[in-house]
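Residue numbering restarts at 1 for every chain, and letters A, B, ... go by the order of the sequence lines.
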Amino acid sequence: MNPDAGGSSSATPPPSASQGAGAEEERGGKPVVVVLVGPPGCGKSTFAEAVVTGSTAGRPWVRICQDTIGNGKAGTKIQCLKAASDALKEGKSVLIDRCNLEREQRADFVKLGGTLHVDVHAVALDLPAKVCISRAVSRKGHEGNLQGGKAALVVNRMLQKKETPLLTEGFSRIMSCNDDGDIKKAVDLYNALGPSDSLPSGIFGQKSKGPVQVGIMKFLKKGDTSSVEKSSGPNITLSESKQGQQNPLPKHEKVEAGITCQMEVEKGLDDKKENEEHAKESDSDNVGSRTLAFPSISTADFQFDLDRASDIIVDTAADFLQKFDNVRLVLVDLSEKSRILSLVKQKASKKSIDSSRFVTFVGDITQLHTKGGLQCSVIANAANWRLKPGGGGVNAAIFNAAGESLQHATKKCADALRPGTSVVVPLPSVSPLHQREGVTHVIHVLGPNMNPMRPDYLKNDYTKGSKILHEAYNSLFENFASIVQSNMGKQNSKSGAEMSASGGTSPNDTKMKREDSHGSERMKKHKLLPPTMTAKQQHECTKANAPNYHDKSTVSSAAPNQAREGDNKKSGVVASKTWGSWAQALYELAMHPDKYKNTDSILETSDEFVVLKDLYPKAKKHVLVISRADGLDSLADVKKEHLPLLRRMHSAGLKWAQKFLEEDASLVFRLGYHSVPSMRQLHLHIISQDFNSTSLKNKKHWNSFTTPFFRDSVDVIEEIEQHGSATSSSDEKVLAMELRCHRCRSAHPNIPKLKSHISTCKSSFPSHLQQKNRLISLSTTMHMDCT
DNA sequence: GTTCTAGAAC
DNA sequence: GTTCTAGAAC
């Protein structure tokens, strides 16, 4: 408290209510800034128009639309700010009709409101992505010229970056509309808003999408005994647990000091009566709902070192159990001889972990209740990155046991996972796993992969691998804790109120809780979901844009990726390469060529590769031979074992070059790979050397085909034969090099001049290219035919 | 004044 | 990815 500040005259007028009111009276109203938040196709403009034209209460409204602000054409944010400022000064309320999905994009409008002492509202049009996409795709004559197939891409990309508006940004009111009904209600609300009326502050209409995570420490952490009864740990006797709440284990789950609970021990539970009794007791003390059963992550198919893995399991479990009382972890493996179980058991006992709250269990994770007598409401799945069933092991077993409903539920929650993250999927009650085993939640976890045959292979880098495995378990346990907390919140509304009240600064509980859940959503977005476009989004994008499997020969859009990589590093997830949304198209095609077989872009399909015309050809003839091997994304992944594949891809490329030469004998082809491809899934370019194409537009396009960035297929094959890998790939710096003719090597100041030059340059190709069949022309193919 | 590019925005 | 535009380059 600075007495000077309090006593000083209003050199800088504080945004006090009285001052604001005085100004309003002068202007005869109380303007407001309404920042619309939503992707293209969400109906922002319709909303704004409806408010502007439908106002029944006399409030003057101005729609500030960035798509039309420049004399009917798209303008800048600055123009919008200026227009908004002018309107507000005239006492008019404004609707900011631009996407405003990211905090930074809307910050200036919030600031403007602050400067002019008017309330700033956010209206988030949170319609389902597919609704926005389909609207954006099908609309005609859009002011911002965003329609058709590209709209899908744009919407998807924008939604990835979406940051839910927060009160802490400076909004006095945030309203979420989740469907057209909500939107109508919001329009009605603003239409009925008189010039001097104001709307209540706070957050309205937000759907709670997941378990609340913020505040969980307060709720479960040791030391906060107000809402959680402390576990008494291993010293409690079984009889004392009759009241249930205190002992995390029911008496039927006989946990030895050795902490391994084997199925044999539980055989007696097959007795129906006892089972019923068990179930009853479990229900009453609810231990099942506080138990997580999990398989060892990454140690099966992903071949993670068992010794290291067991250390990490014990470490993360110990940390977790120290932080949270009243929860139980069960490490499950099928075999009695399981080495990971025995290692974990050993290390856990050395570390003196509470053996009643961390147990190892031999059995089938999908039959813990019926066969093992264990009640575990939450089970973890060692998932694959696409969250798809199959593949064998625990993943296949869980998806099989849970039935289709798990697949559907999973799709609703997430589309893909990055190594080191997990996602909670509430298991529908129709699922056999729910009905039979009492599993209410499955948490999919993706760990690090040390298997060269699987995606995201870490090449035995255990520094990275261990970090990711740590992350994976931490993420799993945190998500588990959030489920427990959410359950307890449901059971005990008093505790929930305590949690909110203990938030302290919030004027009302509802607001606080909503903000919390909101924070949790953000956390979920940043931490749990993959930073790149989700598989579902990709799918929808592909559907909307098919065929969308063009090759992107530039890296011009790498910036957002890099930013996201930064985020990953922060959260401990280290990715070798982040593939953007469009970068997935070839992968999608390679995995499911049948889906696209009716497009004329696909020239040939085999078990090993797909040949297709590049959607944005950089020359008269430009096709791609795409490998269909999962996990083989670029030259960096190529090993000796892939040589036969590379040779066959080369042959396929040659065949197509020859076919094109039959049509146009003047062409010359080069076959090669980009050192650093923009799209995942290894693909070989077959490109004619005329570079006569309107799609070749910039320096990066040009340099990606005419500098050492382009790696001739023959050289790649030779290099792998000799060294086992493609070592001499050049980096992306060469893409910024000066523009030189690929024939005479003359330099040119810009793309148009260069293109003009190459259209007439008749120089022979550099001698280096004329060797080893790097160039394919009629003469070379004739020669090849002879030999 | 016109052309071109880089970067923002979609 | 494409479109658009401000400002650099000519």
Original post:
Has Gln66(A) got a side-chain N or O lying under 4.0 Å from the OP1 or OP2 atom of dA9(B)?
Top reply: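 No.
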In whole angstrom, what separates [X]'s [atom1] from [N]'s [atom2]?
X         : N      : atom1 : atom2 : result
Ile78(A)  : dC4(C) : CD1   : P     : 21 Å
Ile751(A) : dT5(B) : CD1   : P     : 6 Å
Lys753(A) : dA9(C) : NZ    : C1'   : 10 Å
Asn750(A) : dT2(B) : CG    : C1'   : 13 Å
Leu696(A) : dT2(C) : CG    : C1'   : 16 Å
Lys700(A) : dA6(B) : NZ    : P     : 8 Å
Trp702(A) : dA6(B) : CH2   : C1'   : 21 Å
Arg98(A)  : dT3(C) : CZ    : P     : 21 Å

Subject >> Aromatic centroids of His685(A) and Phe705(A) separated by under 6.0 Å >> reply: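 Centroid distance Phe705(A)-His685(A): below 6.0 Å, so yes.
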Original post:
Is the distance between the ring centroids of His742(A) and Phe765(A) under 6.0 Å?
Top reply: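 Judged by ring-centre distance (under 6.0 Å), His742(A) and Phe765(A) do meet the cut-off.
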**OP:** State, to 0.1 Å, how close Val32(A) and Ser93(A) come at their nearest heavy-atom pair, and which atoms those are.
**Re:**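 Taking every non-hydrogen atom into account, N-OG, 3.1 Å.
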**OP:** Please lay out, stage by stage, how Arg670(A) and Asp712(A) fare under the test salt bridge (charged side-chain N to carboxylate O under 4.0 Å, His left out).
**Re:** CA-CA 7 Å; Arg670(A) 238 177 124 184; Asp712(A) 288 284; 2.8 Å; yes
**OP:** Give Pro749(A) one of three labels, base, sugar-phosphate or nothing, depending on what nucleic acid heavy atoms sit under 4.0 Å from its own.
**Re:**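 Pro749(A): no heavy atom of the nucleic acid under 4.0 Å.
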Original post:
Considering only side-chain heavy atoms of Pro40(A), which listed nucleotide, dA9(B), dC4(B), dC10(B), is closest?
Top reply: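 Between dA9(B), dC4(B), dC10(B), the one nearest the side chain of Pro40(A) would be dC10(B).
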